[in-house]
Every structure is written in structure tokens, then in C-alpha cells.
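Everything numeric here is computed off the predicted structure, so don't read it as measured data.
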Amino acid sequence: MKRFLKIILSIAFMGVLLAGCSGLRVVESDVTAFTAWTSAPPGPNTAYRFERLPSQQVQAAQQDLIEGSAIASLAKVGLVIDPAKARLAITITANTQFAARTGYGYGYGYGYGYGSPNVFLSAGNFGSWVGFSFPFGRPFSRPFATPFPAAPYYLREIRIQMRDLADQKVVFETTALSDSPWGDGYALLPAIIDAALLGFPQPPPGMRRIKVETNR
């Protein structure tokens, strides 16, 4: 049992150490895309221009940041910004919602006596979790409720719409939904946009869970 405890503590320590040393983080997004190309899909070096909704024109400084974050991602899929020669007009919308993890999680706890960890399972208003409680205690099997600490959480949505200027029809639409505890939203935008454009110009149908690494 002492050896088991040492293994558990070693794994936990290494996880903390690696998380602290790593300069990368993984941004996960749920992506859904739709296409309706009326002619051949765009090839490499297809020109585009940005197009803004009235609300985006009012918030020009913020929209500048969003579009600036998208230029490199669009270049990765073969699109180049050139308003004079544009085939596509692209509109990008970004929304962020703030939430807090609060409330109680309810479940059952199970212990295995002195010298062994109390394994607990819990489910609450933000899902479920499993773990080990320390210090160790007496055997028990009873319902319990434990509060989740209040913590900020962010829900971000990126929506990209492309219109073919030849016939003015919307030919590509993609949405990426990402949730995380990180508050530096502008730093995450390139990773979320990369996810939204994965597979362009012919992405597979249905929702995809996409992971993109980005610098901290």
C-alpha cells in the first residue's frame, strides 16, 4: 500500500511539474461546417476581403483584432487578403459568454479503511468528476454533498461566413464552440479559428471535436 501511495503521489507531482514547464496548451473546439459551392471550390491563393455587419462597424477596433487574428488561419487554407481581386467576402463573428462554476455536487463516497485512499464520485451542475481524497480515513459508504468552488469559465463562439462575389450567394459557413477557464480570449482566437477552418474548402459533415495547440 505504501508503494501504491508513492506511485499516486509521483504521478500527481509529475503532472504538476509538466503543466508548469510546458509552454503550450490545448484548445478544444466543437466545429460544424456547411458548404454550398456553386462553382469549383477555391484553390490556393484565392483572394478575399473582409465584410462587416453594421454592429461590427460600430465596434471597429474590436473587429480589427478579430480579423487580424484570422488572416494567418485563412492563409493556412490557401486564402489571401486582396480586396481589389477578391472572389470571396468573409464575415467573422466572435462571441464570448462568462459563467461561474458554482453549486453543489452530489454522489456517494466509498472508503477502504486506514492506509487507503477515499475514492469519490460526484456529479453537479457542471458535470461529474472522480478523484482521491486525502488524508485517508475510516471506511464508509454514505451519500454526501460537496460544494464546487466558484471559478470563472468562458464559452466562446467563432462563426465564419463566406459569400461568393460572383453570384452573391453564401457558399461556406462554419461555427466553432470552445469552452475553457482561460480569460485571455484574444490569445485563443487563432487556435479556435484554425479549428473552424480545418478541412476547408470541403470539410466532412457533422460535428467534430478538434484540438489545437497554442502558446501560453
Quick one: closest heavy-atom pair of [X] and [Y], and the distance?
X: V80; Y: N45; answer: CG2-O, 3.7 Å
X: V170; Y: A36; answer: O-CB, 4.0 Å
X: Y48; Y: I81; answer: CE2-N, 3.3 Å
X: T35; Y: P201; answer: CG2-O, 3.4 Å
X: A33; Y: R208; answer: CB-NH2, 4.4 Å

Establish whether [X] and [Y] are linked, either directly or via other cluster members, by ILVMFWY side-chain heavy-atom contacts under 4.5 Å.
X: V171; Y: I160; result: yes
X: L65; Y: L53; result: no
X: I192; Y: Y153; result: no
X: F200; Y: L165; result: no

Inset, instruction - Applying salt bridge (charged side-chain N to carboxylate O under 4.0 Å, His left out), name anything that partners R87, two or more places apart in sequence or on another chain. - result: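 Partners of R87 under the salt bridge (charged side-chain N to carboxylate O under 4.0 Å, His left out) test: D164.
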Is the shortest heavy-atom distance from the side chain of [X] to the side chain of [Y] under 4.5 Å?
X: L197; Y: K76; result: no
X: F172; Y: P41; result: no
X: L74; Y: M162; result: yes
X: T93; Y: I158; result: no

Could you measure the distance from the [atom1] atom of [X] to the [atom2] atom of [Y]? Nearest 0.5 Å is fine.
X: S69; Y: L189; atom1: OG; atom2: CG; value: 4.5 Å
X: E213; Y: D194; atom1: CD; atom2: CG; value: 12.0 Å
X: K169; Y: T38; atom1: NZ; atom2: OG1; value: 6.0 Å
X: R159; Y: T32; atom1: CZ; atom2: OG1; value: 9.5 Å

Legend entry - Connected-component partners of V212 among ILVMFWY, side-chain separation under 4.5 Å: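 Result for V212 is V31, L198, I210.
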Please check this pair: side chain of [X] against backbone of [Y], looking for a donor-acceptor N/O pair closer than 3.5 Å.
X: W182; Y: A187; result: no
X: Q56; Y: I92; result: yes
X: T174; Y: A196; result: yes

Inset, instruction - Take L188 and S178 through the side chain to side chain contact (heavy atoms under 4.5 Å, CB included) test and state the conclusion after the steps. - result: CA-CA 10 Å; L188 301 178; S178 180; over 6 Å; no
Inset, instruction - Evaluate the criterion ring-ring contact (aromatic ring centres under 6.0 Å, His included) for residue pair F98 and Y154; output intermediate values, then yes/no. - result: CA-CA 5 Å; F98 173 81; Y154 301 89; 5.5 Å; yes
Inset, instruction - Carefully, step by step, assess I90 and L79 under the rule side chain to side chain contact (heavy atoms under 4.5 Å, CB included). - result: CA-CA 11 Å; I90 299 179; L79 302 181; 4.2 Å; yes
Legend entry - Over 12 foreign heavy atoms within 6.0 Å of CD, Q57: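 Yes, the 6.0 Å shell around CD holds more than 12 heavy atoms from other groups.
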Inset, instruction - Give every residue pair that meets the salt bridge (Lys or Arg N to Asp or Glu O under 4.0 Å) criterion with at least one member in residues 26-52, sequence neighbours excluded. - result: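 Matches after skipping sequence neighbours: E28-R209, D30-R209, R49-E51, E51-R163, R52-D64, R52-E67.
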